[in-house]
Chemist: 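Take a look at the following structure, please.
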2 protein chains.
Amino acid sequence: MHPVREQNKINKRKAIIDAAIKLFSRNGYEQTSIEELAREAGVGKGTVYSYFQTKKEIVHAFCEAELDFTRSELAAHTNPESSLQEQLLVIFMAEFKHITENRDFGRIYLQESVFPREHHGEADLEMQNQYFEILYPIYRGAQRRGELRSDLELLHIAGHFWALHLLILSCWYNGMIPTKEAPEAMKTLINQAVDGLKPPTI
Amino acid sequence: MHPVREQNKINKRKAIIDAAIKLFSRNGYEQTSIEELAREAGVGKGTVYSYFQTKKEIVHAFCEAELDFTRSELAAHTNPESSLQEQLLVIFMAEFKHITENRDFGRIYLQESVFPREHHGEADLEMQNQYFEILYPIYRGAQRRGELRSDLELLHIAGHFWALHLLILSCWYNGMIPTKEAPEAMKTLINQAVDGLKPPTI
DNA sequence: CCATAAAATCGACCGTGGTCAATTTGTTTT
DNA sequence: AAAACAAATTGACCACGGTCGATTTTATGG
């Protein structure tokens, strides 16, 4: 094998991401140049671009990692006996908090992952699925308890709730929902989705 | 008044947008420089930036105009007696077609309007509301016919369906839904939202 | 241990998005 | 009509994102 190289690559990649977090956090995304970033990471400018295709991709990389981590962390630790609404609220609001506390990072991450320039490889699709699958146990549990219909595909259920989560984020970015009202809004939307928009059949 | 100036401003703005449509369509967004664009529009580079803050904003401007037009056009001409599902499908799919036929424009427009850098002024919020309000008559009609609950706020209903529309677009941009399957997917989601995700109460 | 190939690194370089002080054009005042 | 003012226009200029060929570092084979 090529153990030295492999290790170097991993270290450098981490060094770049660490430098990015540090500088982007301190001075902002736009205000930090790649040269500055490279210097902080102790590599040349060109090297940065051999690890990441674009400046945005750097943000994307560590946001994805961090969100993936907290999400699976939460999904695993959420009380599986509480109601679907509660469980989803915990997870989506944690994610909401993460994103909104770093407005710039969050924006770039969302822009790139929701409406990407190109769906790069199969790796990206894999990522998306994995993203959804973390929540599957929660939905399955809700189906078992009779909170959700069992005749629906998990993918469609997951998509539906994820869409509502996106909506909240979009409203926040557009200044239509202040931070503290987000949980209430999310709750309303979840209930709407669960209960249905048509009048109850008596 | 200042009639000459006013008129000049309107003309120049239009000239810039026309040049943008022409060049962006022919050569692509990234491949067209502002200098080129300015030359085509018959103005100086700096002038472009006195009409638009950024390059993206030019795309945003004509996308918004075009989408607004087709949307209100459709909303007005849709058969108000057909089912909610049909009416929404016509409108959302027209919008979907517009966006997906111009992948680049659509992407930039969506990125900027769904997750904007800053919610600029009140004008922007006004725009958003107007955007929703075009669909209000359709939702009110559905409420009257008993297809939608009347105890829900129109804003929440509109948001809910708009979220699903966004989801379809995101899936398309991520290569998860090919163009021809979009209507079917949208239909499924609309029905899910209307019927509700919980099991029917017997 | 040296020779050779392959991979990784680098920073000078390029094109472009965006800025700004100087200039032109249009409007108002005397 | 001329002077004084304000708004609009301009292109030289700057900083930065991204590229690429030259250079260094690591792995392999004899």
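Please read these numbers as outputs of a predicted model, since none were measured by experiment. Reminder, nothing fancy here: chain letters follow the sequence lines and each chain counts from 1. Basis for what follows: all heavy atoms, side chains included, without hydrogens, waters or symmetry-related copies.
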Chemist: Whole angstroms only, please: what is the CG-P distance between N27(A) and dC16(D)?
Modeler: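 Value for this atom pair: 12 Å.
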Chemist: Mind checking whether F62(A) and F24(A) have parallel, tilted or perpendicular rings, split at 30° and 60°?
Modeler: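 Answer is tilted, since the angle falls between 30° and 60°.
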Chemist: Does dT10(D) have OP1 or OP2 sitting under 4.0 Å from an N or O in the side chain of T47(B)?
Modeler: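 The answer is yes; a side-chain N or O of T47(B) sits under 4.0 Å from OP1 or OP2.
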Chemist: Between E147(A) and K198(B) (salt bridge meaning N to carboxylate O under 4.0 Å), is one present in this structure?
Modeler: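 A salt bridge is absent here (no side-chain N lies under 4.0 Å from a carboxylate O).
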Chemist: Collect all protein-nucleotide pairs involving nucleotides 18-22 of chain D in which both atoms are nitrogen or oxygen and the distance is under 3.5 Å.
Modeler:
{"from": "dG18(D)", "atom 1": "OP2", "to": "Y49(A)", "atom 2": "OH", "distance (Å)": "3.0"}
{"from": "dG18(D)", "atom 1": "OP2", "to": "K55(A)", "atom 2": "N", "distance (Å)": "2.9"}
{"from": "dG18(D)", "atom 1": "N7", "to": "K45(A)", "atom 2": "NZ", "distance (Å)": "3.3"}
{"from": "dG18(D)", "atom 1": "O6", "to": "K45(A)", "atom 2": "NZ", "distance (Å)": "2.3"}

Chemist: Atom CZ of F52(B) and atom C1' of dT19(C): how far apart are they, to the nearest Å?
Modeler: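 Roughly 18 Å, once rounded to whole Å.
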Chemist: Are OP1 or OP2 of dT9(D) and a side-chain N or O of Y51(B) less than 4.0 angstrom apart?
Modeler: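 The answer is yes; a side-chain N or O of Y51(B) sits under 4.0 Å from OP1 or OP2.
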Chemist: Roughly how many Å is it from CG in N11(B) to P in dT9(D), rounded to a whole number?
Modeler: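 From N11(B) CG to dT9(D) P: 11 Å.
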Chemist: Return yes if a side-chain donor-acceptor contact under 3.5 Å exists between N191(B) and Q85(B), otherwise no.
Modeler: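 There is such a pair between these side chains.
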Chemist: Rounded to whole angstrom units, what separation is found between the CD atom of E36(B) and the P atom of dG15(C)?
Modeler: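 Whole-Å distance recorded here is 13 Å.
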Chemist: Less than 3.5 Å apart, any donor N or O on the side chain of H160(B) or H165(B) sitting next to an acceptor on the other?
Modeler: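 The criterion, which ignores hydrogens and geometry beyond distance, is not satisfied for H165(B) and H160(B).
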Chemist: Roughly how many Å is it from CG in L37(B) to C1' in dT10(D), rounded to a whole number?
Modeler: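 In whole Å, dT10(D) C1' and L37(B) CG are 15 Å from each other.
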Chemist: Would you call K55(A) and E30(A) a salt bridge, using N to O less than 4.0 angstrom?
Modeler: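 A salt bridge is absent here (no side-chain N lies under 4.0 Å from a carboxylate O).
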Chemist: To the nearest angstrom, how far is R39(B) atom CZ from dT9(D) atom C1'?
Modeler: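 My rounded result for the distance is 17 Å.
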Chemist: Would R107(A) pass as a cation-pi partner of Y173(A), given that its NZ or CZ must be under 6.0 Å from the six-membered ring centre and within 45 degrees of the axis?
Modeler: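 No, cation not above the ring by the 6.0 Å, 45° rule.
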